[in-house]
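To start, the structure under review is shown below, and the notes come after it.
FYI, the numbering just counts along the sequence from 1.
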Amino acid sequence: FLRHIERTRLLIHVVDAGADDPVGDLRVVEKELEAYGHGLMERPRLLVMSKCELLYPELMHERCQQLSTALDEQVLPISAVTNSGLEALLSRTWEVLGISA
């Protein structure tokens with residue numbers, strides 16, 4: 001699986017907002033990327049918190065803040081169900097890739 005990721009210019013980590021430990025879940029993925037090597041940890045990446053509709057806004061904000069603080073990166077909250085945050089994710093993706101939308 002990770003061999004296929006070598007061809008990507010951008011990694012988008014999608015973390016489930018309803019997970020018991022979203023920070024821990026992402027750390028597991030990071031350890032796998034680091035162990036695999038091939039420069040994957042140095043690739044640009046976006047952090048996305050999905051299924052935001054599952055949580056009260058206060059808890060969603062808290063979860064995003066925890067993830068952002070733990071990894072020192074901005075977290076983009078999205079919900080496919082409510083179509084929330086998807087435009088921001090697409091805009092940020094194009095921006096990081098240097099593509100004008």
Side-chain angles (χ1 to χ4, degrees):
F1 168 75
L2 292 176
R3 187 173 56 201
H4 296 290
I5 297 176
E6 288 180 49
R7 294 180 269 166
T8 63
R9 294 180 13 208
L10 170 68
L11 300 176
I12 300 177
H13 295 292
V14 180
V15 179
D16 185 339
D20 292 331
D21 182 11
V23 173
D25 292 348
L26 189 56
R27 296 263 189 233
V28 168
V29 172
E30 285 185 324
K31 285 180 185 177
E32 290 179 19
L33 292 174
E34 189 172 20
Y36 182 75
H38 299 273
L40 294 181
M41 287 297 292
E42 289 76 39
R43 297 271 162 90
R45 70 177 178 176
L46 298 177
L47 296 177
V48 177
M49 181 80 72
S50 69
K51 301 182 184 177
C52 293
E53 76 283 353
L54 297 178
L55 303 175
Y56 289 110
E58 302 83 27
L59 183 55
M60 186 65 235
H61 178 73
E62 182 182 316
R63 288 261 169 115
C64 284
Q65 190 62 40
Q66 288 172 341
L67 194 59
S68 179
T69 300
L71 301 169
D72 196 32
E73 293 193 36
Q74 177 188 9
V75 176
L76 299 167
I78 66 165
S79 170
V81 171
T82 65
N83 202 28
S84 163
L86 299 178
E87 283 296 320
L89 173 58
L90 284 174
S91 293
R92 185 71 180 121
T93 300
W94 301 143
E95 180 183 328
V96 171
L97 292 174
I99 299 171
S100 9

Could you list all the ring pair (Phe, Tyr, Trp, His ring centres under 6.0 Å) pairs where at least one residue sits in residues 6-25, not counting sequence neighbours? none
Residues in side-chain contact (heavy atoms from CB on, under 4.5 Å) with Val14, at least two apart? Ile12, Val48, Ser50
With sequence neighbours left out, what residues match Asp21 under side-chain hydrogen bond (donor to acceptor under 3.5 Å, both in side chains)? none
Which residues pass the side-chain contact (heavy atoms from CB on, under 4.5 Å) test with Arg43, sequence neighbours left out? Thr8, Leu11, Leu40
Any salt bridge (charged side-chain N to carboxylate O under 4.0 Å, His left out) involving residues 80-90? Give me the pairs, sequence neighbours left out, ordered by first then second residue. none
Salt bridge (Lys or Arg N to Asp or Glu O under 4.0 Å) involving Asp25 - partner list, sequence neighbours excluded: none
Same apolar cluster (I L V M F W Y, side chains within < 4.5 Å links), Met49/Val28: no
Can you list the residues that meet the ring-ring contact (aromatic ring centres under 6.0 Å, His included) rule with His38, with sequence neighbours excluded? Tyr36
Taking only residues two or more places apart in sequence or in another chain, which ones pass salt bridge (Lys or Arg N to Asp or Glu O under 4.0 Å) with Glu73? Arg45
Do Leu46 and Thr93 touch side chain to side chain, with heavy atoms closer than 4.5 Å? yes
Could you list the residues that satisfy side-chain hydrogen bond (donor to acceptor under 3.5 Å, both in side chains) with Arg9, not counting sequence neighbours? none
Would you check if the side chain of Arg63 reaches a backbone N or O of Ala19 as a donor-acceptor pair within less than 3.5 Å? yes
For Gln65, side-chain hydrogen bond (donor to acceptor under 3.5 Å, both in side chains) partners two or more places apart: Thr69
Donor-acceptor contacts under 3.5 Å from residues 77-85 side chains, at least two apart:
residue	atom	partner	partner atom	Å
Ser79	OG	Glu53	OE1	2.5
Ser79	OG	Val81	N	3.4
Ser79	OG	Thr82	N	3.1
Ser79	OG	Thr82	OG1	3.1

Residues passing the side-chain contact (heavy atoms from CB on, under 4.5 Å) test with Glu95, sequence neighbours excluded, are Arg92
For the residue pair Leu71 and Glu30, establish whether any side-chain heavy-atom pair is separated by less than 4.5 Å. yes
